[in-house]
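Ligands are counted one by one from 1 in listed order, and the atoms in each one are counted from 1 as well. The first residue of the sequence shown is numbered 1, and numbering continues consecutively from there.
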Amino acid sequence: MTTTDESTTGTHTTLRGKVALVTGGSRGIGAATAVRLAREGADVAVTYVNGKDAADEVVRAIEALGRRAVALRADSGDPDEAVGAVGRTAETLGGLDVLVNNAGIGVLGPLEGLALADVDRVLAVNVRGVFLASRAAAARMGTGGRIITIGSCMAQRVPGPGGTLYATSKSALIGLTKALARELGPRGITANIVHPGPIDTDMNPANGPYAPGQAEMTALGRFGTAEEVASTVAYLAAADYVTGTEFAVDGGHAA
Ligand code: NDP
């Protein structure tokens, strides 16, 4: 039983009693999402590969909100680890209600410069890992289960060259999400995809090499924040009658 006073922690109760797993939750959009889901009342597991210290910091931030949290080292590109993280979450936190498929990598560059290893790695992390984690999660979820996948504005609109591999991986997730919605709907489990636009993170810093021009491609003329994506994920984690849909949190990048 938590003794933390919600009036002092700023937490809510929409996800009270729920357990969430956020892949790639040590930094960026995943870290913001993990904390946001905890703020809504969920206990949360996060996965990471290299950032143990950062993941531990996310755990401490969640525990400070009066929720339980655990950091799991699990490479989404490794089939056993992608599936294993789902089982470890359920065993450690007592079930699984919300899966956020956030872990993703980008390899950008001219088509002819992409090595076979790049193709395999990006598809393994961004697509196969999501497929396997979603299947493993669905097997454990009951009515009210939620699968929320982080896609990309590049799945909807590719504004220039160099994005073939990344866009391929992210657009595959649209089909996966719709098919999951159809397959799992009868069990009361929803599946949705969120497409971030340019979001200021380590992957795409607002002052980084790929930043120039990105803000101008949005209707709002700016990068978004990880918290702005996290708030849509939190909405979907609680929404009952929304499934199979794409949510652009992209400042109007696709407009
Ligand atoms: P970051 O690179 O800032 O953070 C990535 C997170 O994922 C880290 O916690 C990292 O952990 C983890 N991670 C990386 N590879 C793996 C892996 N193989 N298995 C498990 N975890 C992994 O990325 P963002 O927060 O920017 O991106 C999050 C998601 O949003 C991605 O799917 C990305 O494609 C998508 N996105 C981002 C946009 C942006 O502009 N930022 C735009 C559109 C989509 P570790 O600590 O081990 O490095």
message: Can you work out which protein residues put a heavy atom within less than 4.0 Å of ligand 1?
response: Gly24, Gly25, Ser26, Arg27, Gly28, Ile29, Tyr48, Val49, Asn50, Gly51, Ala74, Asp75, Ser76, Asn102, Ala103, Gly104, Ile105, Arg121, Val125, Ile150, Gly151, Ser152, Tyr166, Lys170, Pro196, Gly197, Pro198, Ile199, Thr201, Asp202, Met203, Asn204
- request: Give every residue pair that meets the side-chain hydrogen bond (donor to acceptor under 3.5 Å, both in side chains) criterion with at least one member in residues 179-189, sequence neighbours excluded.
  value: none
- prompt: Under 4.0 Å between a Lys/Arg side-chain N and an Asp/Glu carboxylate O for Asp56 and Arg60?
  reply: no
Pair Glu228 + Arg222: basic N to acidic O under 4.0 Å: yes
message: Show every salt bridge (Lys or Arg N to Asp or Glu O under 4.0 Å) that has at least one partner inside residues 153-174, sequence neighbours left out.
response: none
field: side-chain hydrogen bond (donor to acceptor under 3.5 Å, both in side chains) contacts touching residues 199-219 (sequence neighbours left out)
entry: Arg27-Asp202, Asn204-Gln214
message: Assess whether a salt bridge exists between Arg128 and Asp78, defined as any Lys/Arg side-chain N lying under 4.0 Å from an Asp/Glu carboxylate O.
response: no
